[in-house]
Amino acid sequence: MSKRAKIEQDFRTLLEIIEQQRPGYTAGLGTGLSDKEIEERIKIHPISEGLFAIYSCVKGGYFQGKDIYSTDFIPGFYLISVNSINAEIKGWEETYKKYLGDTLWQPDMIPFLKNGAGDYYCVRTLPNDQSVVEIFKGSPELWVICQSLEDFILIITECYKQNVYFVDEYGDLECQWDLVEEIIAKFNPNYYSQNELEPPSERRAED
C-alpha cells in the first residue's frame with residue numbers, strides 16, 4: 001500500500017468513528033475532489049499527501065447539522081472547505097505584509113482547521129518540515145503538535161477511540177485536554193519540550 005493510500009484509509013477510518021458518534025457528519029462535509037481540483041484550490045505547493053488524502057474524501061466546510069450534535073471536526077475547530085483555503089491564505093498574506101511582527105503565519109503554511117476566534121491548525125510545506133502547528137490569534141505562541149499530517153490523523157483517531165473527544169449533554173464536542181496531550185506525546189515525544197509545557201503529571205503534582 002502506498003503512503004497516500006494508507007493516509008486515505010486512516011482518514012476514512014476516522015470519519016467512520018465520527019459518523020458512529022454523530023450520524024450524518026460525513027455527508028455534511030460534502031464530496032471530495034480530484035487531485036487536479038485540489039491543486040487548483042490550494043495555491044501553496046507542494047501540497048502534502050495528507051491534504052490530498054483528506055480532500056479527496058470530503059470537501060470540508062462549516063455546515064449546519066440536521067440534529068443537535070456539533071459539526072466540529074475536533075473540539076472547537078471545523079475542517080476548512082478546500083474551496084476556502086486560498087481565501088484564508090490571501091487574508092494571511094495581506095496581514096503578513098502589513099504587520100510582519102504581528103503574525104506567526106509563514107508563507108509555507110496551509111490552514112486546514114479553523115475556529116470562530118481566528119485560531120488555526122496548519123500544515124507546513126518545507127522540504128525538511130511538514131509538521132502540524134496551531135496558531136493562536138493575537139498570541140506570540142506557535143504550538144507544534146506533531147511532525148506530519150499523517151500522525152495528526154492518527155492522534156485524532158485515538159482521541160475519538162478513547163472517548164477523550166466526547167459529545168456532552170448539550171450536543172457539543174468536548175475533550176479532556178490533559179489526556180489529549182498525553183496521546184499527542186505518544187506520537188510526538190518532543191511535544192512538551194517543543195512547546196515549553198510541563199507534562200500533565202508534573203502539573204498535577206504542583207496542584
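Every value quoted in this text rests on a predicted model; they were computed, and no experiment measured them. These values consider heavy atoms only, across backbone and side chains, with no hydrogens, waters or symmetry-generated copies.
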Do Gln147 and Asn190 get their side chains close enough for a donor-acceptor pair, meaning under 3.5 Å?
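Per modelled atom types, Gln147 and Asn190 side chains form no pair under 3.5 Å.
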
Donor-acceptor under 3.5 Å ([X] side chain, [Y] main chain):
X	Y	answer
Ser70	Asp72	yes
Glu19	Thr26	yes
Glu196	Ser193	no
Trp177	Glu181	no
Asn115	Gly118	yes

Atom OG1 of Thr13 and atom CD1 of Ile18: how far apart are they, to the nearest 0.5 Å?
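One gets 11.0 Å once the value is rounded to the nearest 0.5 Å.
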
Distance check, rounded to the nearest 0.5 Å: Ser81 atom OG versus Lys59 atom NZ?
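Reported to 0.5 Å precision, the distance equals 5.5 Å.
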
Taking only residues two or more places apart in sequence or in another chain, which ones pass ring pair (Phe, Tyr, Trp, His ring centres under 6.0 Å) with Tyr69?
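Testing Tyr69 for ring pair (Phe, Tyr, Trp, His ring centres under 6.0 Å), a comparison that skips the adjacent residues, returns none.
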
Which residue pairs pass the ring-ring contact (aromatic ring centres under 6.0 Å, His included) test when at least one of the two sits in residues 107-139, sequence neighbours left out?
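As it turns out, the ring-ring contact (aromatic ring centres under 6.0 Å, His included) pairs with a partner in residues 107-139, which skip direct neighbours, are Phe77-Tyr121, Trp92-Tyr120, Phe112-Phe152, Tyr121-Phe152, Phe136-Trp143.
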
Sequence neighbours excluded - ring-ring contact (aromatic ring centres under 6.0 Å, His included) pairs with any residue from residues 6-41:
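Matches after skipping sequence neighbours: Tyr25-Phe63.
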
Are [X] and [Y] packed together at the side-chain level, in the sense that at least one heavy-atom pair is separated by less than 4.5 angstrom?
X	Y	result
Asp10	Leu14	no
Cys122	Ile135	yes
Cys146	Ile155	yes
Ile145	Asn188	no
Val133	Met109	yes
Val58	Thr31	no
Lys3	Glu150	yes

Considering non-hydrogen atoms only, spot the tightest contact between [X] and [Y] and give its length.
X	Y	value
Tyr191	Ala185	CB-CA, 4.4 Å
Leu15	Cys57	CD1-CB, 4.5 Å
Val144	Ser131	CG1-CB, 4.3 Å

Please lay out, stage by stage, how Ile183 and Gln162 fare under the test side-chain contact (heavy atoms from CB on, under 4.5 Å).
CA-CA 10 Å; Ile183 291 172; Gln162 298 185 33; 4.0 Å; yes

Side-chain cluster (under 4.5 Å, hydrophobic types only) that Tyr62 belongs to, other residues
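Besides Tyr62, the hydrophobic cluster comprises Tyr78, listed by chain and residue number.
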
Can you list, by chain and residue number, the hydrophobic cluster partners of Leu126 when the side-chain cut-off is 4.5 Å?
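Result for Leu126 is none, singleton.
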
I'd like to check the side chain to side chain contact (heavy atoms under 4.5 Å, CB included) partners of Ser2; sequence neighbours left out, ordered by chain and number.
Arg4, Ala5

Quick one: side chain to side chain contact (heavy atoms under 4.5 Å, CB included) partners of Ala27, sequence neighbours excluded?
none

ILVMFWY network linking Ile17 to Phe166, side-chain heavy atoms under 4.5 angstrom
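No, no single cluster joins them.
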
Distance-only check: which donor-acceptor pairs under 3.5 Å involve side-chain atoms of residues 168-175, not counting sequence neighbours?
unit_1 : atom_1 : unit_2 : atom_2 : d
Asp168 : OD1    : Tyr170 : N      : 2.9
Asp168 : OD1    : Gly171 : N      : 3.1
Asp168 : OD1    : Asp172 : N      : 2.9

Flag the pair Arg12 and Glu16 as a salt bridge only when some basic side-chain nitrogen lies within less than 4.0 angstrom of an acidic carboxylate oxygen.
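So Arg12 does not pair with Glu16 through a salt bridge.
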
For residues 105-118, which residue pairs qualify under salt bridge (Lys or Arg N to Asp or Glu O under 4.0 Å), counting only residues two or more places apart or in two chains?
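Pairs touching residues 105-118 that pass the test: Glu88-Lys114, Asp108-Arg124.
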
Contact list for residues 151-166, test salt bridge (Lys or Arg N to Asp or Glu O under 4.0 Å), sequence neighbours left out:
none

Mind checking salt bridge (Lys or Arg N to Asp or Glu O under 4.0 Å) for Glu134 and listing every partner two or more places apart, or none if nothing turns up?
none

Run the side-chain contact (heavy atoms from CB on, under 4.5 Å) check on Val167 and Gln21 step by step: do they pass?
CA-CA 8 Å; Val167 175; Gln21 182 195 68; 3.6 Å; yes

Going by atom type alone, with no hydrogens or angles, which donor-acceptor pairs under 3.5 Å involve a side-chain atom of residues 40-55 and a protein atom two or more places apart or on another chain?
unit_1 : atom_1 : unit_2 : atom_2 : d
Arg41  : NE     : Asn83  : OD1    : 2.6
Arg41  : NH1    : Glu37  : O      : 3.1
Lys43  : NZ     : Glu93  : OE1    : 3.3
His45  : NE2    : Glu39  : O      : 3.3
His45  : NE2    : Ile42  : O      : 2.8
Ser48  : OG     : Leu51  : N      : 3.2
Tyr55  : OH     : Ile80  : O      : 2.6

